[in-house]
Amino acid sequence: MRFSQTLQLNAVPEWIDNYVNYDTLKKLIFQLERERVEDSNAHDPELATEHREDGEARFLSSLDEQLTKVLEFYTQKENELYSMLEQLDAETNEARDIQTDEFGKEEYHYPLESVDSTFSPNSIANEKDEQETRERLENIAPVRRGSRASRFSRRISRQSLESRLSLQSNRLDDVYMEQMADLRSRLILLYISLSELESYVDLNRTAFEKILKKYDKVLEGNLRTQYLNKMVLDSRPFMPQTMDVLKNQIARVERIYADSFCGGSTALAVRQMKSHLRDQITFERNTIWKDMVGQERKTHDTKLIVPKVEKRFKVPFINYSISSGVLRQIICFSLSVIVFIILLCVNCFDNQQENYCFALLIFSALMWATEAVPLYATSCLIPFLIVPLGILRNADGTVMAAKAASKAVFQSMYSGTIMMLLGGFALAAALSKYGIAKAFASHVLSRAGTRPQWVLLSIMFVSGFLSMFISNVATPVLCFSLIDPILRTLPDKSRVGPCLILGIALSSCIGGMTSPISSPQDIVTLQYMNPNPGWGKWFAVALPVAILSMFVCWGLLLLVYKPTRDTPHLNKIKPTKEKVTKSQVYIMVIMLVTIALWCAESSLEQYLGDTGIIAAIPLFMFFGTGILGKDDLNNFLWSVVVLAQGGMALGNAVTSSGLLEDIALRLKDGIQDLPVIAILAVFCFLILVFATFVSHTVAALIILPIVQQVGQQLPVPHPNLLVMGAGLACSAGMGLPVSGYPNMSAIMLEDPSGKPYLTTKDFIITGIPTSIICTCLIFTLGYGIMSAMGY
């Protein structure tokens, strides 16, 4: 939660205008930052220096204004509350005197504690004494204040008294108890108000600290230490002596309440009054939270972009209408079901199990391609259809029994590949949560200078590198936040923003091929490679292709957007200055050990068996030591896990039914006379088209099993070469906004006016040429490296 929201959530609603205006100060900082960037592009050092001094003076003036506002309000509330405390103290003492005078006999004990307990006092015979006593009691409590806290406390007190004073009947007792109840309510009100005043001081002190820290960070100033020590901490509300007096006054209220209503027990008094304070804070926070949500909605509604009005269609014969999106889903789902039923009835392969499996394969492909239901929902349906259709076969060709088939399906859905996926998620979560990835990226980008072309190249290679370890799903989100200081200082309609965002998206797609855990499709690729290539061989093939592809993409972006013409100098990104912690060192050690074991997996296979076993190391070492918690586990991309599991179940069914071998044999007859490089090119472009229009992961799940089988059926088998080349080509699909997670994240980014930075045209102009060139590098340069390795 941002501090501005924290401040609003914890502030006293009636005092909200008297807190530090944090949002206004932050906007002023960003405005000064933007002016500084404009001055750097104007190439006038004297003007830049003048503007810098003027900007600092404006910021200091605003700080002084806020500090004066806090000082004046604190002084006013302090005088008001301390005067109230003195008055209540005097009234309490007077009440004790009345108790001693009127009820001081030994046979009659009437303590003030009876306000909160059941009692039955003796009658008083003397009418004159009764009248005098009533007059003294009526003078104890002045007119009640109508504040929110007094109404809140009085309601609670009277509810308690009404339920407990059923035995009293004397008129004098009624007056006395009413005045004592009012006194109790006012004490609780005073306790709440003093506690709120203490919170007021703490929140404003934190606000000054944070806004000065932000100023120093954004504008490279040095105001925090000087202004805090000389102005803020020397101001009366923030002086230690002032806080000591305030805490003593709170303790004084606790003692008065304890002596009057709790038999002298301060602990009981504190517990009772804090319960009222807690109820009040809960009520206020719920109300403020609703207001904050409403304000956020209003903020989003005021954007200049016009929201799309979704068409609705009326259903014939019934008074009901559905949206165009729902109608599209119904049509796509119905079409998929119809094709599924038709294929179940058509004999395509002269074998029932193969026919049924082919129908299931086409049905799944249509459901995934059209997204009639979410991708992971389709994956959940696949195991259900495999067993009733009797698709799986035993080794002798007979149909597998339902119990054995269900066991085989579930075994295929949880394998070392899934453990690799979870291990990669754990590494990514730890690197992101503890700021390791952000610290690395910010230090690299801080050295890139201010020239747009070098900033673009740096952010692209940072995106590609981070994708190797925290996946190309999380990397774009992190990098988009890193360039926010640049985006917010760009002039209107600048082409630099779209250029940077598109560069991050495309380089993250390319980075999806750089390591076995950088994307889900790479982990699926490993499943169909035997033996496992390990990280070393994967790097040897993927890194040269990825690096050259990024340079090509960088050149295309510079050619299309020409960012240097638009803005010659950009705002410089500041590195994070936090010290390295023990947790960060621990995470790095575990990550390096895990990657080293993955690289050496082929030589350790006789001891570990599978790479999934190694993936258990970060899972245990992070969750077992508290580095990651339950919330981090819940934040894993479980939709991707379920999607992969459904694809593995489908792949197992296609293999077991014999359909995969049949398709491979038919394809082999048409391509066996072609050279291996041509076969690789055919499959690379086939999977590129599928990955561009559908999904990288879905393309790998559907096509890679066929590629593997074709490679095994060639006169000279090359299954690993074809599978790895086709797997890398999955990440080359980046020509549309739906072509991968990075593109989907980029298309959703909007400028301050609510207008998207990118359109589909941007992806087509730059993404499609980059995709084609990257694919050509895979089946040329990649083919040469894989052939040299013996694939």
Side-chain angles (χ1 to χ4, degrees), residues 336-337 340-341 343-365 367-368 375-422 523-532 605 608-613 615-616 638 640-665 697-698 700-710 712-713 719 723:
S336 302
V337 172
F340 180 54
I341 294 173
L343 291 177
L344 286 176
C345 301
V346 174
N347 185 10
C348 300
F349 294 92
D350 297 327
N351 183 283
Q352 183 177 347
Q353 282 71 42
E354 292 185 24
N355 287 332
Y356 286 178
C357 189
F358 181 71
L360 178 60
L361 178 65
I362 299 301
F363 171 73
S364 301
M367 292 285 285
W368 277 330
L375 299 178
Y376 54 85
T378 302
S379 293
C380 293
L381 181 63
I382 290 173
F384 172 76
L385 294 176
I386 289 175
V387 177
L389 290 174
I391 291 175
L392 300 186
R393 295 194 298 190
N394 294 310
D396 58 1
T398 58
V399 179
M400 192 177 293
K403 188 171 183 178
S406 61
K407 185 177 180 180
V409 168
F410 290 129
Q411 284 178 343
S412 66
M413 293 178 69
Y414 192 84
S415 62
T417 303
I418 297 299
M419 282 298 293
M420 280 278 291
L421 200 58
L422 295 178
I523 295 177
V524 174
T525 302
L526 289 178
Q527 185 186 11
Y528 294 101
M529 295 185 68
N530 188 24
N532 190 308
E605 187 174 3
L608 298 175
D610 191 89
T611 52
I613 301 299
W638 292 106
V640 175
V641 175
V642 175
L643 174 62
Q645 288 179 320
M648 291 172 187
L650 180 61
N652 181 59
V654 171
T655 303
S656 177
S657 65
L659 174 65
L660 189 62
E661 185 177 1
D662 202 343
I663 292 176
L665 288 173
T697 307
V698 172
L701 290 171
I702 293 177
I703 300 178
L704 287 184
I706 300 174
V707 174
Q708 181 202 36
Q709 197 67 26
V710 169
Q712 291 176 344
Q713 299 296 331
V723 168

Any heavy-atom pair between the side chains of [Y] and [X] that's under 4.5 Å?
{"X": "Thr655", "Y": "Gln708", "answer": "no"}
{"X": "Gln713", "Y": "Glu661", "answer": "yes"}
{"X": "Leu360", "Y": "Ser364", "answer": "yes"}
{"X": "Ile386", "Y": "Tyr356", "answer": "no"}

Could you measure the distance from the [atom1] atom of [X] to the [atom2] atom of [Y]? Nearest 0.5 Å is fine.
{"X": "Ile702", "Y": "Thr697", "atom1": "CD1", "atom2": "OG1", "result": "11.0 Å"}
{"X": "Gln645", "Y": "Ile418", "atom1": "CD", "atom2": "CD1", "result": "4.5 Å"}
{"X": "Gln709", "Y": "Ile706", "atom1": "CD", "atom2": "CD1", "result": "10.0 Å"}
{"X": "Ser415", "Y": "Met648", "atom1": "OG", "atom2": "CE", "result": "4.5 Å"}
{"X": "Leu643", "Y": "Leu375", "atom1": "CG", "atom2": "CG", "result": "5.5 Å"}
{"X": "Leu392", "Y": "Asn652", "atom1": "CG", "atom2": "CG", "result": "6.0 Å"}

Main-chain N/O of Arg393 paired with Ser656 side-chain donor or acceptor, under 3.5 Å: yes
Got a sec, which residues hit ring pair (Phe, Tyr, Trp, His ring centres under 6.0 Å) with Phe340, two or more places apart in sequence or on another chain? Phe363
Taking only residues two or more places apart in sequence, or in another chain, which ones meet Phe349 in a ring pair (Phe, Tyr, Trp, His ring centres under 6.0 Å)? Phe358
Determine the minimum heavy-atom distance between [X] and [Y], stating which atoms define it.
{"X": "Gln353", "Y": "Ser657", "answer": "O-CB, 3.9 Å"}
{"X": "Ser412", "Y": "Ala649", "answer": "OG-CA, 3.6 Å"}
{"X": "Leu704", "Y": "Val723", "answer": "CD2-O, 3.8 Å"}
{"X": "Tyr528", "Y": "Gly651", "answer": "OH-CA, 4.0 Å"}
{"X": "Cys380", "Y": "Val642", "answer": "SG-CG1, 3.6 Å"}
{"X": "Leu701", "Y": "Gly647", "answer": "CD2-CA, 3.6 Å"}

Just to verify, what does Asp662 make a side chain to side chain donor-acceptor pair (under 3.5 Å) with, not counting sequence neighbours? Arg666
Residues in side chain to side chain donor-acceptor pair (under 3.5 Å) with Gln411, at least two apart? none
For Cys357, the option from Leu389, Leu659, Ile362, Asn351 that meets side-chain contact (heavy atoms from CB on, under 4.5 Å): Leu659
For Asp396, enumerate each residue passing the side-chain contact (heavy atoms from CB on, under 4.5 Å) test, keeping only those at least two apart in sequence or located in another chain. Asn394, Thr398
Under the rule for side-chain contact (heavy atoms from CB on, under 4.5 Å), what residues qualify as partners of Ile523, not counting sequence neighbours? Thr417, Met420, Leu421
